[in-house]
2 protein chains.
Amino acid sequence: MTDDDTEEQPIQPGSSGPGLSERPPRRPLDQALIVREAVDFIDENGREQLTMRRLGARLGVEAMALYRYLPGREALLDCVVEALMDELYDATMTGEYGSSWQEYLQQLAHSVRELALAHPRIFPLVASRPPAAPWLRPPLRSLRWVEEFLTGLARHGFNDADSVLAYRTFSTFLLGHLLLESTAMSGESISPEDDELPTPDHQDLSEYPRLLRLEGPLTQNAFAEEFDDALEDLIRRIEISRS
Amino acid sequence: MTDDDTEEQPIQPGSSGPGLSERPPRRPLDQALIVREAVDFIDENGREQLTMRRLGARLGVEAMALYRYLPGREALLDCVVEALMDELYDATMTGEYGSSWQEYLQQLAHSVRELALAHPRIFPLVASRPPAAPWLRPPLRSLRWVEEFLTGLARHGFNDADSVLAYRTFSTFLLGHLLLESTAMSGESISPEDDELPTPDHQDLSEYPRLLRLEGPLTQNAFAEEFDDALEDLIRRIEISRS
DNA sequence: ACCTGAACACCGTTCAAGT
DNA sequence: ACCTGAACACCGTTCAAGT
């Protein structure tokens with residue numbers, strides 16, 4: 001049960017196989033490369049499966065080689081989180097800043113959501129890893145990002161107190177919605193665009209009449225609308241508290 | 001680094017020490033007892049430290065003995081989550097149902113918050129463990145609880161569609177707020193009632209002028225007010241969408 | 001019936017040694 | 001400079017054996 005998919009995989013040692021030696025990629029090692037590989041690994045196999053030894057094997061190297069570039073497994077996970085934050089930075093910085101703060105928050109929120117859905121098995125790390133400082137709230141968990149966020153609002157006329165307040169409510173909103181959605185999505189769904197969530201054994205619901213009756217509505221996947229509705233509401237709430 | 005607090009602890013074998021034999025408690029084993037001990041263990045040492053072997057030792061037994069009562073470690077963690085859900089059930093069912101649905105949601109929300117703050121190192125499990133079904137949203141993650149919630153609202157005149165909607169927004173709200181607060185709190189704070197969150201090395205902020213300036217407001221612990229404000233807003237939002 | 005010893009297949013991590 | 005072999009101190013889990 002601890003290794004459903006380990007699969008031993010004999011790999012005959014001598015023969016280099018068809019044409020080029022393809023078993024270990026062996027690009028020259030490098031911290032950034034290791035982290036990228038870790039991201040891909042988690043995307044494919046989940047974070048429980050990520051192991052120094054397995055990651056090494058994937059890079060064509062023994063696990064111990066990784067310690068030249070990273071102090072340990074925890075540090076690697078922190079780097080993975082950081083990598084997602086950088087990805088978000090690239091995704092949002094290419095676009096425009098938005099003509100209003102409302103638009104700015106809308107764009108940023110949707111960028112974060114897309115990131116979460118692109119890496120549903122990594123997002124829980126972004127959400128739950130203990131941040132460097134407790135006021136660095138997930139999912140915008142880097143000094144650079146908080147600075148960026150506060151600057152963005154200031155550019156649209158927010159004063160200090162309102163910026164901080166907006167940072168807090170915005171973070172909480174994103175965390176709740178996206179953690180829920182990403183864990184729902186990482187439940188090995190075949191088609192991520194499905195609008196029906198899998199139901200458990202029909203038997204078990206027999207003792208819960210209300211669940212049985214509301215099974216239809218409950219299993220309806222409505223994350224996108226929920227997100228948009230709650231986001232609009234959040235923005236309205238900020239509007240009101242500012243005036 | 002993997003064992004800061006393992007401490008070998010020799011324990012001379014023969015001598016039973018002062019008076020009664022106190023090293024292993026040795027109450028007769030039992031699933032409920034094991035789970036209670038696991039809850040206490042995580043409260044004290046964090047979930048990373050929880051190990052079948054260590055938990056066994058704490059119960060005066062070898063790790064393998066636990067497998068008589070639980071199929072494995074994952075199952076144990078699920079039981080821990082379930083135990084918290086039961087604790088919540090006991091806490092809320094003793095009180096009254098509330099004279100209005102607004103009051104009902106208020107009471108329930110505060111009960112969940114108290115649970116999260118009582119077990120800040122366990123709450124992330126409640127938040128992040130993959131639920132049995134994806135529409136079973138944390139932190140009210142049991143069939144019994146969802147049934148209870150929907151029934152509670154129905155008793156106050158909610159129709160099916162509105163109940164489901166309220167269930168969703170309420171869950172998202174609780175998850176976001178309480179996951180943030182519990183992880184902030186489990187950062188080994190000496191005094192949990194402190195209204196100042198710890199700051200990172202003052203040096204590092206030098207490149208982020210806005211953070212440096214807003215350090216005061218940002219490190220202010222305002223979780224309680226945030227929670228209450230957002231809760232009131234959530235309730236108002238439900239009021240409006242229902243009419 | 002309930003627990004344990006011994007074993008297995010893994011972990012993360014260190015360090016002296018190889019190239 | 002960069003990687004590895006061997007080793008250490010752990011894991012979770014199984015199972016035949018003890019009481």
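- Toward the 5' end of DNA chain C, the nearer of the two residues Tyr69(B) and Arg53(B), judged by each one's closest nucleotide, is Tyr69(B).
- Taking a cutoff of 4.0 Å between a charged side-chain nitrogen and a carboxylate oxygen, Arg113(A) and Glu181(A) qualify as a salt bridge.
- Remark: Arg54(B) is in phosphate contact with dC11(D), judged by side-chain N or O atoms under 4.0 Å from OP1 or OP2.
- Using a cut-off of 4.0 Å between Lys/Arg side-chain N and Asp/Glu carboxylate O, Arg210(A) and Glu215(A) are scored as not salt-bridged.
- The CG atom of Asp30(A) sits 15 Å away from the C1' atom of dA1(D) (whole-angstrom rounding).
- Rounded to whole Å, the distance from CG on Leu33(B) to P on dC3(C) is 11 Å.
- In this structure a side-chain-to-backbone donor-acceptor pair under 3.5 Å is missing from Arg121(A) to Thr183(A).
- Listed candidates were dT13(C), dG5(D), dC3(C). Nearest to the side chain of Ala63(A) is dT13(C).
- Checking dT4(D), dT13(C), dC3(C) against the side-chain heavy atoms of Glu62(A) singles out dT4(D) as nearest.
- Using a 4.5 Å cut-off on side-chain heavy atoms (C-beta onward), Leu136(A) and Ser142(A) make no contact.
- Looking at heavy-atom distances under 4.0 Å, Met64(A) makes contact with a base.
- In this structure, Ser128(B) contributes its side chain and Leu125(B) its backbone to no donor-acceptor pair below 3.5 Å.
- When rounded to the nearest whole Å, the span between CG of Leu76(B) and C1' of dC11(D) equals 15 Å.
- Counting non-hydrogen atoms under 4.0 angstrom, Arg73(B) reaches the backbone sugars and phosphates but no base.
- Helical stems in DNA chain C, defined as runs of 3 or more consecutive Watson-Crick or G-U wobble pairs with both donor-acceptor distances under 3.5 Å, are listed by first residue as C:4-8 with D:12-16, C:12-16 with D:4-8.
- Between dC10(C) and Thr51(A), no contact under 4.0 Å exists linking OP1 or OP2 to a side-chain N or O.
- Between Glu82(A) and Arg141(A), no side-chain nitrogen of the basic residue sits less than 4.0 Å from a carboxylate oxygen of the acidic one, so the salt-bridge criterion is not met.
- When rounded to the nearest whole Å, the span between CE of Met52(A) and P of dC8(D) equals 21 Å.
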